[in-house]
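The structure under discussion appears below in the form of structure tokens.
Everything numeric in this text was worked out from a predicted model, so none of it was measured. We use all heavy atoms of the structure for the numbers below, so side chains are in, but hydrogens, waters and symmetry mates are not. In this chain, numbering begins with 1 at the start of the sequence shown.
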Amino acid sequence: MADDTYYMRQALMEAVKAAEEGEVPVGAVVVCRDRIIGRGHNLTETLNDVTAHAEMQAITAAANTLGGKYLNECALYVTVEPCVMCAGAIAWAQTGKLVFGAEDPKRGYQKYAPDALHPKTVVVKGMLADECARLMKDFFKNKR
């Protein structure tokens, strides 16, 4: 049985893919019963779609795998704190657990909508936060 660190490392691998594609390096995986059922990374530039965040990609893939829209028995691992849009999707999917790495004080849901998640969603903050933040900082430093 893998642990939160293992799954966050899987999300980090997705974030690296995003960076390699010129996307903001955010990655996500959805886990259900110790199995990854959805993966995603930012595709906003690739798809010219502001909603194509890593979380949205992973949630859609997981729902397709399960054949249903609710992820109440699942955990979502994402390298950066979700934005308000993604927090809303996480809530609508009734996701059982959210684990995120780096906090996003500028655009994260905690600042704008701290109650956006489903009340039963368990939240774990700061998982591999330094690694997740470093990936973002390096990406933007190289962009400048």
Side-chain angles (χ1 to χ4, degrees), residues 1-140:
M1 191 165 119
D3 63 3
D4 286 346
T5 303
Y6 172 81
Y7 292 122
M8 185 56 79
R9 291 206 183 286
Q10 294 295 307
L12 273 164
M13 289 170 49
E14 288 294 321
V16 168
K17 287 181 192 175
E20 289 171 349
E21 295 170 12
E23 298 278 356
V24 174
V26 179
V29 297
V30 176
V31 177
C32 192
R33 297 184 192 102
D34 299 317
R35 190 173 133 239
I36 296 173
I37 61 167
R39 293 177 177 272
H41 57 271
N42 274 0
L43 290 171
T44 59
E45 301 298 327
T46 303
L47 299 177
N48 292 314
D49 180 355
V50 297
T51 69
H53 290 194
E55 300 95 321
M56 304 299 260
Q57 303 302 311
I59 288 168
T60 299
N64 287 333
T65 298
L66 291 176
K69 61 186 177 180
Y70 296 116
L71 305 178
N72 54 316
E73 294 181 19
C74 303
L76 171 66
Y77 295 82
V78 61
T79 56
V80 176
E81 175 186 346
C83 70
V84 173
M85 174 187 69
C86 291
I90 292 164
W92 283 110
Q94 299 180 16
T95 307
K97 181 178 177 182
L98 167 64
V99 181
F100 67 83
E103 294 198 13
D104 185 351
K106 291 182 182 174
R107 294 186 179 229
Y109 80 93
Q110 294 179 103
K111 178 178 181 178
Y112 297 104
D115 297 324
L117 298 177
H118 190 277
K120 292 184 180 178
T121 300
V122 174
V123 179
V124 177
K125 304 174 187 178
M127 179 64 54
L128 301 179
D130 291 342
E131 289 179 51
C132 295
R134 189 175 327 112
L135 190 58
M136 292 287 281
K137 287 175 186 165
D138 290 349
F139 176 80
F140 286 110

Open item on the list: Working to the nearest 0.5 angstrom, can you tell me the gap between Ile37 CD1 and Leu71 CG?
Closed with: 6.0 Å

Open item on the list: Keeping Asn42 on the side-chain end and Val24 on the backbone end, is there a donor-acceptor pair under 3.5 Å?
Closed with: yes

- [ ] May I ask you to decide if Gly22's main-chain N or O and Glu45's side chain share a donor-acceptor pair within less than 3.5 Å?
- [x] no

Task: Distance (rounded to the nearest 0.5 Å) between Phe139 CZ and Glu20 CD - done: 11.5 Å

Open item on the list: Any heavy-atom pair between the side chains of Met8 and Glu131 that's under 4.5 Å?
Closed with: no

- [ ] State, to 0.1 Å, how close Ala91 and Ala116 come at their nearest heavy-atom pair, and which atoms those are.
- [x] CB-O, 3.1 Å

TODO: Using the test side chain to side chain donor-acceptor pair (under 3.5 Å), find all partners of Arg107 that sit at least two apart in sequence or belong to another chain.
DONE: none

Task: Any pair counted as side-chain hydrogen bond (donor to acceptor under 3.5 Å, both in side chains), so long as it reaches residues 53-76, sequence neighbours left out - done: Arg33-Glu73

Open item on the list: To check you understand the geometry: which heavy-atom pair defines the closest contact between Ala18 and Pro25, and what is its length?
Closed with: CB-CA, 3.9 Å

TODO: Kindly compute the distance separating CG (Asp3) from CG (Asp34), expressed to the nearest 0.5 Å.
DONE: 10.5 Å

TODO: Please report the closest heavy-atom contact between Val30 and Cys74, naming both atoms and the distance.
DONE: CG1-CB, 3.8 Å

Open item on the list: I need the Arg39 CZ to Glu14 CD distance, nearest 0.5 Å.
Closed with: 5.5 Å

Open item on the list: Rounded at 0.5 Å granularity, tell me how far CG in Leu128 sits from OG1 in Thr5.
Closed with: 5.5 Å

Task: Pairs flagged by ring-ring contact (aromatic ring centres under 6.0 Å, His included) wherever residues 71-96 is involved - sequence neighbours left out - done: Tyr7-Tyr77

Open item on the list: Using 0.5 Å steps for rounding, measure from the OG1 atom of Thr51 to the CG atom of Leu43.
Closed with: 10.5 Å

TODO: Could you tell me whether a side-chain N or O of Thr79 sits under 3.5 Å from a main-chain N or O of Cys132, the two making a donor and an acceptor?
DONE: no

TODO: Please tell me if the side chains of His41 and Val16 come closer than 4.5 Å, counting only heavy atoms from C-beta onward.
DONE: no

TODO: Might you point out which heavy atoms bring Ala52 and Leu47 nearest each other, and give the distance in Å?
DONE: CB-CD1, 4.0 Å

Open item on the list: Can you give me the closest heavy-atom contact between Ile90 and Ile59, atom names plus distance?
Closed with: CG1-CD1, 3.9 Å

- [ ] Search all heavy atoms of Ala129 against all heavy atoms of Gly101 and return the closest pair with its distance.
- [x] CB-O, 3.7 Å

Open item on the list: Do Val123 and Leu117 make a side-chain contact, defined as non-hydrogen atoms from C-beta onward lying under 4.5 Å apart?
Closed with: yes

Open item on the list: Within the structure provided, determine whether Glu23 and Thr44 are in side-chain contact (heavy-atom separation under 4.5 Å).
Closed with: yes

